[in-house]
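Below: one structure, written as structure tokens.
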Amino acid sequence: MAKKKEMKDVKLKVKRSSAGLGLFADEPIRKGTMVIEYVGEIITNAEADRRGGKYLFNIDSKWTVDGKGRDNIARYINHSCNPNCESSTKGKRIFIHATRDIASGEELCYDYGEEYFDELIKPHGCRCAGCRGKKKK
Ligand SMILES: [Zn+2]
């Protein structure tokens with residue numbers, strides 16, 4: 001079993017971004033670093049379907065985290081089709097890791113996944129940095 005690693009707090013900042021508010025690195029972050037945990041109430045998928053909302057983060061076939069709480073600043077991380085972070089689950093917890101070195105001041109983003117994208121992003125068009133250029137053509 002992996003030992004529980006001491007979590008170092010990564011300095012982050014909530015700021016205005018192209019898609020509303022976003023979460024930005026406030027110091028350089030190394031590839032592989034655990035940036036932040038996506039925290040919230042753990043509910044069943046059935047309950048998640050009933051509640052709806054855009055801060056639902058599906059863990060597996062049974063559980064979802066409802067991350068709408070104010071203490072969950074990971075909810076400010078926007079979707080990107082060319083992200084610098086990715087999420088992984090450990091039991092019923094969700095962690096966001098850096099998938100490459102991130103410079104101070106860069107916006108953090110991860111790929112929200114196909115289902116979320118089709119339901120909540122596609123209808124108004126993706127506003128991530130990669131897609132913004134394409135859309136104007
Ligand atoms: Zn995009």
Side-chain angles (χ1 to χ4, degrees):
M1 287 302 287
K3 258 196 292 174
K4 202 176 170 195
K5 249 197 289 175
E6 194 66 40
M7 268 197 240
K8 183 181 146 301
D9 272 351
V10 176
K11 287 201 192 84
L12 304 166
K13 220 184 225 168
V14 177
K15 281 198 308 193
R16 201 143 265 299
S17 84
S18 59
L21 287 173
L23 192 63
F24 292 75
D26 204 26
E27 64 180 345
I29 301 173
R30 281 200 166 280
K31 179 180 176 178
T33 303
M34 205 293 281
V35 181
I36 191 167
E37 180 176 358
Y38 193 97
V39 293
E41 190 187 348
I42 296 161
I43 57 176
T44 62
N45 290 337
E47 172 67 8
D49 283 343
R50 201 184 58 75
R51 285 188 192 182
K54 54 180 184 161
Y55 298 116
L56 298 170
F57 198 124
N58 181 246
I59 300 170
D60 56 26
S61 59
K62 202 165 177 203
W63 301 102
T64 290
V65 168
D66 188 350
K68 67 172 184 250
R70 281 183 182 276
D71 53 341
N72 179 33
I73 65 163
R75 73 191 182 130
Y76 291 111
I77 302 175
N78 288 308
H79 163 86
S80 172
C81 303
N82 181 22
N84 52 17
C85 291
E86 73 181 5
S87 61
S88 66
T89 54
K90 210 181 262 176
K92 292 195 188 97
R93 299 173 72 183
I94 300 161
F95 299 96
I96 313 291
H97 305 263
T99 52
R100 56 173 173 80
D101 290 343
I102 298 170
S104 181
E106 235 186 288
E107 181 174 3
L108 304 177
C109 42
Y110 59 84
D111 190 335
Y112 280 13
E114 220 170 292
E115 197 181 322
Y116 185 102
F117 189 88
D118 288 348
E119 258 176 56
L120 291 156
I121 296 176
K122 225 181 189 174
H124 61 72
C126 183
R127 286 179 289 180
C128 87
C131 292
R132 240 168 28 239
K134 280 187 242 162
K135 231 176 42 182
K136 297 238 163 89
K137 277 180 196 156

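Predicted, not measured: the structure shown is a model, and the values here were computed from it. Ligands are counted one by one from 1 in listed order, and the atoms in each one are counted from 1 as well.
For the pair Lys122 and Phe117, the cation does not sit on the ring face, since its NZ or CZ is not both under 6.0 Å from the ring centre and inside 45° of the axis.
A donor-acceptor pair is defined here as one N or O able to donate and one able to accept, closer than 3.5 Å; no such pair exists between the side chain of Asp26 and the backbone of Ser104.
In this structure, NZ in Lys92 is found 5.0 Å from CH2 in Trp63, a value given to the nearest 0.5 Å.
With sequence neighbours left out, Tyr55 forms a ring pair (Phe, Tyr, Trp, His ring centres under 6.0 Å) with no residue at all.
Residue Leu56 is not grouped with residue Leu23 when hydrophobic side chains (ILVMFWY) are merged at heavy-atom distances under 4.5 angstrom, including chains of intermediate members.
Around the Zn ion (ligand 1), the protein N, O or S atoms closer than 2.8 Å are Cys81 SG, Cys126 SG, Cys128 SG, Cys131 SG, listed by chain and residue number.
Looking at Cys126 and His79, their side chains come closer than 4.5 Å, going by heavy atoms from C-beta outward.
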